[in-house]
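Reviewing the structure listed below.
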Amino acid sequence: MKFKLPGSFFHRMILFASILAIIPVVVVGIFSFIRSTSVVENYVAKEKEHSVYQIQTNVEQVIKSVDQSLTQLASSSKIIESLREPLTTRQFQLYNQLRDDLSHQQTFDTRLTDVALISLENDWLVNNYGLQRLSEPQLQEISDRYLSLRTSSVWLLEENSKEPLYKKVASRACGYNLNLIKKIPIISSNTTGMIIANIPTCSFRDILQKDNSLEKFYILDENESVVLHNDLQKIGQAFEYSDVITENTTLENDSGQFTITSNNTDYLFTYRKSFYNGWIYVSIVELNELAAQSRSIGWLTLAITLLIAGISLLLALFGSKLIYQPIKQLQNVILHSLTNKEESKDRNEFVFIENHVKDMLKQNDFLEKSLQNQISQLKQFFMHRLLTGKVSEEELEGRMQYYGYNLDFKWLSVLTVQIDSLEGTSYKSKEEDVLLFVINGLVEELIPSDERMSPTVNKQTQVTLLLSNIESKIEFNQYVNDIAERIQKRVRKEYSIPISIGVSEPFKDVLETRTAYKECLEALKYTLKYGTESIIFFENLEIGKGLHTYFPKRIENELFDSIKVNDKEKVYSLLNELIDEIFSEDLNHVQYQISLVRFLSDLIELMHTLAINVLDLEDNRSIFEKIYELKSREDVKEWFINVIIDPLLQKIEDRAESQYKSISENIVHIIHEEFESNITLDMIANRLHYNPNYLSSIFRKEMNISFSEYLSMYRINMAKKWLAETDISVKDISDKLNFNNSQNFIRSFKKIEGTTPGKYRETVRAN
């Protein structure tokens, strides 16, 4: 059969197919070997990347937890104020408080062995060993070693075998400590003290320990010195592979993987850089042992390819024409669409198709949309800088002209939109950010571009800066109010979402935008007073009003009494009444918040009285901060119920049930231990400090039997055991079990067992 070769690619296809049929053993063998090696290396590479990531996560979880905890401690007013004190013997209580605060940082999770607080002004140090007065050489050593550090918080690897600056609790088994140095105050260059936390490097052994003996794991600092290693002897040493890495590549990227050669051995080098402190996490594993199995695959593939060589040669001739047909058809379709068909002759088909596709992609509208998108992003960035006060007067006018904003304005005002609540809507709380961006787009549609700057989203609010040529301030305020009402109605109509809008005072200088934005945020806090879907002008607020508050103490007392007796229905009713009573007074949002904080404090005091704690916020924020984030009266009620009231009532109910069970177990234990004595329910009640009638009802409720019946049954069971296993007489058994006489014992035994003690003994021994 003869084939007409219609194109250069077709020739190449026939040539390639022929070569594939003639020398399949060489091609397939090489391919198999490369492929098998690649599979093994890829598997090892992915596993090592995951291993490095896992170890980085575990290590940084520890040090970030310590850093965050000590940052909170160092930022507390108590620590900052204590550094100014000389800590004399008269300040023993302050010293105890400092010791407690430091010791609370030393938990199993943080791996801390010592935390030291140093006052540079008063020359003292507090740590696990107590209070130490620092000498002049010690203070000089602190200054030389730590005060010259560029940052206020840094992790340092320091030898544990050196003469310590102060007494440490850390074990000398570790040659090095990983120390966190945190200057105080954190945000000031005038350092008055510092906190030093010690973590022994050997405490990370469980994280770095590897089952694979061929793998070495390093954690390097910015100078490529070993901070942590699964071999403790290498900690603090220079990285042994630094020269090899320098010859091959540099660690420029945040993470990577490559092969290095050292001492004629190939290694897989995997690393990740930490965004937290710049450390480099490195895994080094030998490749020779890992790739040994891949070679056998090549020999197996060689045998198989010999078998298919003949079949491949036949299929190459017939298959090439069929494979080429779609390519030829595509080329013909493109040729028919061209006006100049001569320029496409004698050209490679794929090159021709590729060039045509590139021409289609190079369209003017793509460039215009790309440029427009960049300008929009720049406008958003400019607005964020304006809201934070980072735009200088020199660049302001030029930027506004460049972005096409109206410079001929008389008044400006900032509108800030917040979503009051998603309760009762089809949206979830995690969708609030998306909804704010939707509202941002809606505002762009409602307000003409020459009457505003680019709307943006900032701090859970949507922000718009209005520009107007209106001369009168009163008319301008009316204009702003009309826009706010239109925004509210449109959002309610299209999305059924309640929103409130805060409006700043009118101003004339764009550089005052930051102050105006703060006024809007302050105005939005008054939704606590005015309710949802409010339009609040900052200039109408009574900011200077006194801090007189109102608190319904009588209702609170009734509420707490209902909580103690676990009367849920009454608790919910009184809570609603108390919150409504607080908001019934005409006060500002700060005064309402003070009353709510007082109520929260009283609830915490009640929990302390009941020895119950239900406050465990997942983000570790102070629970009092949440009060200032609540937007409406309904939010307040819902928060108190979900966070405190419901968990508190459940704990009270659980404790009551547990208490009943504990009382019954104590009574049973006393019966089992003292059944031979003359025990009564009154005697047990005196011992357990309960009323006898109360004990009787609890025991019957838990055991489904009365106290006297249970005592009699247990004594009869002991009598049965003695009758079967001993030769004690019936009279002696009666006396041991505290029956008045043997006849009473016989009657009780027969009533329960249906036979006399003597006959029971005969029957048991006969069997």
Side-chain angles (χ1 to χ4, degrees), residues 560-568 570 606-614 647-767:
F560 287 0
D561 291 339
S562 300
I563 291 175
K564 293 175 183 177
V565 298
N566 202 21
D567 187 347
K568 294 184 179 180
K570 191 172 182 181
L606 174 64
M607 286 188 286
H608 289 170
T609 303
L610 298 176
I612 295 176
N613 181 29
V614 299
L648 180 57
L649 293 175
Q650 186 61 46
K651 286 285 184 72
I652 292 174
E653 183 176 348
D654 293 344
R655 185 166 66 179
E657 293 179 359
S658 175
Q659 184 181 29
Y660 292 159
K661 185 176 180 181
S662 176
I663 291 173
S664 300
E665 289 175 350
N666 285 337
I667 295 174
V668 169
H669 177 74
I670 293 173
I671 292 174
H672 289 187
E673 294 294 324
E674 304 178 25
F675 67 93
E676 296 183 44
S677 63
N678 185 22
I679 58 176
T680 64
L681 188 60
D682 289 338
M683 178 269 288
I684 295 176
N686 290 332
R687 185 183 301 181
L688 299 180
H689 306 290
Y690 285 102
N691 183 278
N693 294 330
Y694 176 73
L695 289 186
S696 177
S697 63
I698 292 301
F699 191 85
R700 180 177 289 276
K701 177 180 177 182
E702 292 292 317
M703 306 300 293
N704 293 321
I705 190 174
S706 69
F707 169 79
S708 59
E709 289 173 339
Y710 185 88
L711 177 59
S712 297
M713 288 182 63
Y714 188 78
R715 284 175 170 172
I716 295 302
N717 286 334
M718 294 305 299
K720 287 166 62 179
K721 180 179 179 182
W722 291 339
L723 289 169
E725 298 175 359
T726 69
D727 294 327
I728 302 175
S729 66
V730 173
K731 184 178 183 306
D732 290 340
I733 292 176
S734 173
D735 294 338
K736 287 174 66 67
L737 295 177
N738 273 285
F739 283 91
N740 293 333
N741 52 61
S742 58
Q743 292 302 318
N744 288 340
F745 168 63
I746 293 171
R747 280 195 296 270
S748 297
F749 191 93
K750 186 175 182 180
K751 181 179 179 181
I752 295 175
E753 297 297 326
T755 184
T756 64
K759 291 182 179 180
Y760 177 82
R761 173 176 279 173
E762 293 175 0
T763 302
V764 172
R765 294 189 175 182
N767 295 331

Evaluate the side-chain proximity of Val764 to Leu723: yes if any heavy-atom separation is below 4.5 Å, no if none is.
no
Hey, is NE2 on His672 packed in by over 12 heavy atoms from elsewhere, all under 6.0 Å?
yes
Going by the salt bridge (charged side-chain N to carboxylate O under 4.0 Å, His left out) test, which pairs reach into residues 736-751, not counting sequence neighbours?
Glu676-Lys736
Going by salt bridge (charged side-chain N to carboxylate O under 4.0 Å, His left out), name the pairs with one or both residues in residues 722-735, residues two or more places apart or in two chains.
Asp727-Arg765, Lys731-Asp735
At what distance, to the nearest 0.5 angstrom, does CD1 of Ile684 lie from OG of Ser696?
11.0 Å
Which heavy atom of Arg715 sits nearest to which heavy atom of Asn678, and what is that distance?
NH2-CA, 4.5 Å
Partners meeting ring-ring contact (aromatic ring centres under 6.0 Å, His included) with Phe699 (sequence neighbours left out):
Tyr710
Test side-chain contact (heavy atoms from CB on, under 4.5 Å) applied to Val668 and Tyr714, step by step:
CA-CA 10 Å; Val668 169; Tyr714 188 78; over 6 Å; no
What is the minimum heavy-atom distance between Tyr760 and Lys720, and which atoms define it?
OH-CE, 3.4 Å
Sub-4.5 Å side-chain heavy-atom contact between Leu688 and Asn666
yes
Would one find more than 12 heavy atoms of other residues, nucleotides or ligands at under 6.0 Å from atom CE of Met683?
yes
Heavy-atom donor-acceptor pair, Ser748 side chain to Asn744 backbone, under 3.5 Å:
yes
Restricting to non-hydrogen atoms, name the atom on Leu695 and the atom on Ala685 that form the minimum distance, rounded to 0.1 Å.
CD1-CA, 3.4 Å
How close do Leu648 and Ile563 get, counting heavy atoms only, and between which atoms?
CD2-CG2, 3.7 Å
Check: Ile667 and Met703 side chains under 4.5 Å, non-hydrogen atoms:
no
Within the 4.5 Å heavy-atom criterion, are Phe749 and Leu737 side-chain neighbours or not?
no
